[in-house]
Amino acid sequence: MEVIADLHLHSRFSIATGKEADLEHLDLWGRYKGVQVVGTGDCTHPQWLQELADRLEPVAPGTYGLKPGLGLPLKLQGPLWDRLPGVRFVITGEVSCIYKKGGQVRKVHLLLLLPSLDAAQRFSARLGRLGNVTADGRPILGLDAKYILELALEIDPASLVIPAHIWTPWFSVLGAKSGFDSLEECFEEHTSQIYALETGLSSDPAMNWRVSGLDRFVLVSNSDAHSPQKLAREANIFLVPPAFPNLAQALRTKAGFGGTIEFFPQEGKYHTDGHRACGLRATPEETAAWGGKCPRCHKPLTYGVMHRVLDLADREAGVAAPEARPFESLIPLPEVLAQVLEVGPGSKKVNHLYFRLLEKLGPELEILRRTPLEDLAREGGNLLAYGIDKMRQGRVHIAAGYDGVYGEIRLLTPEERREVLGQGALWSPPAPVSPTRPAPPSPERGQPAEPPNLKVAEPTPPSPIEPLLAGLNPAQRQAVLHEGSPLIVQAGPGTGKTRALTHRLAYLLARRGIPPEEILALTFTRQAAGEMEARIRGLLPDFPGLARLTIKTFHALGHQMLTAQEEAREVADEDQRRQLLREAGKKHKVPVALLDARISDWKQALTYPEDLGEVNEPEVAAFKDYEAALSRGGLWDYEDLIARPTLLLTRQPDLQEAYRRRYRHLLVDEYQDLNAAQYRLFRALAAADAEIMVIGDPDQAIYGFRGASPEYFSRFRQDWPAAVPVHFEETYRLPPPVLDAARQVRRQAGVQPGPMETHQNGEQPLLLLERATEAAEARAIAREIERLVGGLSHLALEDAATRHRSPEEKAGFRDVAVLYRLHALGPELERHLTAQGIPCQMPRESVGPELDGLDLAAEKVKLLTLHAAKGLEFPYVFIAGCEAGLIPWEPEGEGHKDPEEENRLFYVGLTRASRQVFLTRARSRTLWGRKRRTLLSPLVQALTPEILERREESPGASSRKTRQPQLFPEIGPRPKKAR
DNA sequence: TAGGCCACCTTTTTT
DNA sequence: AGGTGGCCTA
């Protein structure tokens, strides 16, 4: 007994679905169509899962039915319908993986088949930690497809993952635009866990047989319906009982898998090649003859599924794959009726006849596949019977779909019409004979496989150049090689600062034989220290004694020095410190903020209560209490970690001498960010004859509020008169317009940064997007990101500007950062980007305890403060909130605090980008409950038009849906969610 | 001592 | 807006 199953469809929680896409209507339409098993779809969506749990009950293992009383009444009566059982549901869903692999953006849709509702709940919860599963029933995840497979099997080994509509150009495992050339490239060592492939609307099994690499897979077909009416336009025929374990077994082994019900693939939107704008349809042969270009406009043609299949094909047409299953090609009944009645498929006439036929003849699939022609003729007329007969024989004329244009079916020619309908018609339904399609070509052995394409590794000739200097420019080389006197390097953004530092370290160790323990490299952040260490290991793998190298933050070094001399204490965290300040401040009636600032100042000047003598200020008394409390609690604060070790060194000459003897080589990163205490610590550590290299960029000094002062940078040459200055003048990061913009910004502060030359190409100007509100601003950002990634879904298809970009040029989510001045802007941006289906993350949050490999592997857009972006690089950088008062930040009523530093901060933001910068602004912004009209940031205002393009909101923005080719055009716009 | 109400304030960050 | 701390009351 045949069991027809449609496993891939979507609920109303998916984007661009009708609100009728619920269980009740799926059950109803499953019965109308004649399907016994229906996937739930969207099994990663928490609300949908809740609905499944509420409304379904198990009827067999992993198989569910509507709870009693929930089924909708059929519009139909009669013996065929009165006792028709409801459909059975199995748990299915789809995820969209958008990620970079091999330097290219990949977009792969996967169909999931899970063995139980419980498994789905666990899977959803797990995915929810890696991305956003609530915005869309088909979530967009920045995760490698193979991890999804791993995860599904980890949740339950009975799960099945089926690559979805595998040939579509934009979103599939073999797709021409963002896919792979083989399943193995995608799933690697897990490929054996893939058992089935979904052929999609634009291809049928016969096309897939031409690729012998697919022979071992079960070829499945599903509707991918976005509304229940579209259910089962493609489907699977199983010859096993309708329960999950049997279906899964059949999908794994092919045994009990009876074949598929298909669209005519030419009807699909991407079947053949062409160019929509020119209305040009092309066969792959024509495309080849035209060199892939549209002969009318010479733009690249969009390759269709057929083309892609032929690219990978290694078997002749008309030869079935071994063990191939048969398939039947059908046209949905409403379309057949539309052809017969010469009206639209959505018309009342069609609808009326549709249900009349169903009532008399049974479910739609039965009518299309099996109902005897004479019965069709009796209930629907000769023309209908004739048309369906033609369809069953495959005699259908279809102008193939291309470049997003649906194929056009013509079932009946005018002559046929006349003949069949005319007086004394030549055609009448034949006597009842089995009207099934001719059997598919019998499976044969496939062609012998091509010899494997062996790649011979090219021997790399031994390099005569010192490898540690190879690839360095002259200034970098100088920084690496310099010895004998202190060195100060001024290194702008992207000029290879870390490169120079790490190569110098490696050179010291490996060429000059400096013992690792004599080297001290200091950074400001753990991340920078970690990166430096990793890069040294990369340069000198297996070098003995690397562990004895000291690469630390200033604070870590200070902590280590302190604990070597005193009883170790913990470092007070933010909360502890605030608590102690509050207590001390309260007792002595000193405002906490004031006390905080005073104590910081004191410690940065290496001053402790005992140095303040008998001053009677309440602040001093509070300071004493605070220090006593820290001590009682066994705590140091961050400033202690610098000030105290410095005092130890200055007060104990022998200790200082010991450190100075040990560290003969000192390197300091981000030298412009030293504060007074750090500067003194560094001076205390540096012997007169030590070899010193400091590197930094005074234009990027942004920690003045923390007591840092770029003054020490310029003072270096006074402190070390023998110092040699080096200036890195070549940037490898900034494309010319960004470099230009950055320099223009600095010029506004009266600073003319030294000469700079860029090796980065790219002429994209900065883009300024001004919107009415911060919500519109966030949506504009989301839209641009979507463009950069090259479209997130079929519905928001790549526009002309991006669609022909090669996959290498497209961005992955991790290539994008959104920067802003205040944390307060972060959550709102995150909310909107998330709602638009863009995986994003504010790194503060991710500092959770249970970060595993997958968490780290998930690609996300980063949301960062400008400060936090320091030292990072992203191809695409958005700077949000480019408004006067916000950038540069001017606290309410107080006016500019430090316009110089704000200017540098903006400079830092701009110079994070290696491809393009987007500046955005909200004309009205609500911040901390106060709504204000804003002006464009003066820093942006001053940028010249050659490098800054302004793009107003396109007036056609509201006509989105008319511009966009729709996969399911009958669906209205997505319902607005209440805020 | 819990709970409720009100006033306040809001940049950027280091083991 | 929204969270926090302070202060008052029962």
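Quick note on labels: first sequence line is chain A, next is B, and so on, each numbered from 1. Not measured: the values here are computed from a predicted model.
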- prompt: So which nucleotide from dT11(B), dT13(B), dG6(C) ends up closest to the side chain of Arg821(A)?
  reply: dT11(B)
- request: Select one nucleotide: of dG6(C), dT12(B), dA1(C), the one nearest the side-chain heavy atoms of His867(A).
  value: dT12(B)
- request: Only counting residues at least two apart or in another chain, list the ones meeting ring-ring contact (aromatic ring centres under 6.0 Å, His included) with Tyr703(A).
  value: Phe705(A), His867(A)
- request: Can you tell me the distance, in whole Å, between the CG atom of Leu866(A) and the C1' atom of dT13(B)?
  value: 14 Å
query: Separation of Glu883(A) atom CD from dT11(B) atom P, in whole Å?
result: 17 Å
- prompt: C1' atom, dT13(B) versus dG2(C): distance in rounded Å?
  reply: 23 Å
- request: Please report, rounded to the nearest Å, how far the P atom of dT14(B) is from the CD atom of Glu670(A).
  value: 12 Å
message: Applying a 4.0 Å non-hydrogen cut-off, can you work out what His559(A) is touching in the nucleic acid: base, sugar-phosphate, or nothing?
response: nothing
Nucleotide nearest His555(A) (side chain, heavy atoms from C-beta), chosen from dT11(B), dT13(B), dT14(B): dT14(B)
statement: Here the gap from Thr650(A) atom OG1 to Arg680(A) atom CZ, rounded to the nearest 0.5 Å, amounts to 7.0 Å
- prompt: Does Arg578(A) put a side-chain nitrogen or oxygen below 4.0 Å from OP1 or OP2 of dT4(C)?
  reply: no
message: Once ring-ring contact (aromatic ring centres under 6.0 Å, His included) is applied, do any residues pair with His559(A), and if so which ones, sequence neighbours excluded?
response: Trp636(A)
message: Could you check whether atom CD of Gln565(A) has more than 12 heavy atoms from other residues, nucleotides or ligands sitting under 6.0 Å from it?
response: yes
message: Ring of Trp720(A), cation from Arg715(A) - is the NZ or CZ under 6.0 Å from the centre and inside 45° of the axis?
response: no
statement: To the nearest angstrom, the CH2-P distance between Trp889(A) and dT10(B) comes to 9 Å
task: State whether His823(A) places a side-chain N or O below 4.0 Å from either non-bridging phosphate oxygen (OP1 or OP2) of dT10(B).
output: no
message: Rounding to an integer number of Å, can you tell me how far Met842(A) CE sits from dT13(B) P?
response: 13 Å
query: With Arg925(A), which of Glu774(A), Glu883(A), Glu828(A) fulfils salt bridge (Lys or Arg N to Asp or Glu O under 4.0 Å)?
result: Glu883(A)
- request: Check the distance between dT14(B)'s C1' and Tyr679(A)'s OH and give it to me in whole angstrom.
  value: 21 Å
message: Mind checking if Ala824(A) touches a base, just sugar-phosphate, or nothing, with heavy atoms under 4.0 Å?
response: nothing
- prompt: Looking only at side-chain N and O atoms, does Thr865(A) come under 4.0 Å of OP1 or OP2 in dT13(B)?
  reply: yes
Separation of atom CZ in Arg526(A) from atom P in dT13(B), rounded to whole Å: 13 Å
- prompt: Quick one: which of dT14(B), dT10(B), dG6(C) gets closest to the side chain of Glu574(A)?
  reply: dT14(B)
task: Please report, rounded to the nearest Å, how far the P atom of dT13(B) is from the CZ atom of Phe524(A).
output: 15 Å
query: When all nucleic acid strands are considered with a 4.0 Å heavy-atom cut-off, which category describes Arg582(A): base, sugar-phosphate, or nothing?
result: sugar-phosphate
message: Using the rule side-chain contact (heavy atoms from CB on, under 4.5 Å), only one of Asp815(A), Ile781(A), Ile785(A) pairs with Val861(A); which is it?
response: Ile785(A)
message: How long is the straight-line distance from CG of Leu648(A) back to OH of Tyr659(A), given to the nearest 0.5 Å?
response: 8.5 Å
message: For dT14(B), is there a stacking contact with Phe554(A), counting only centres under 5.5 Å and planes under 30°?
response: no
- request: Would you jot down, in residue-number order, the residues of residues 692-707 of chain A having a non-hydrogen atom under 4.0 Å from DNA chain C?
  value: none
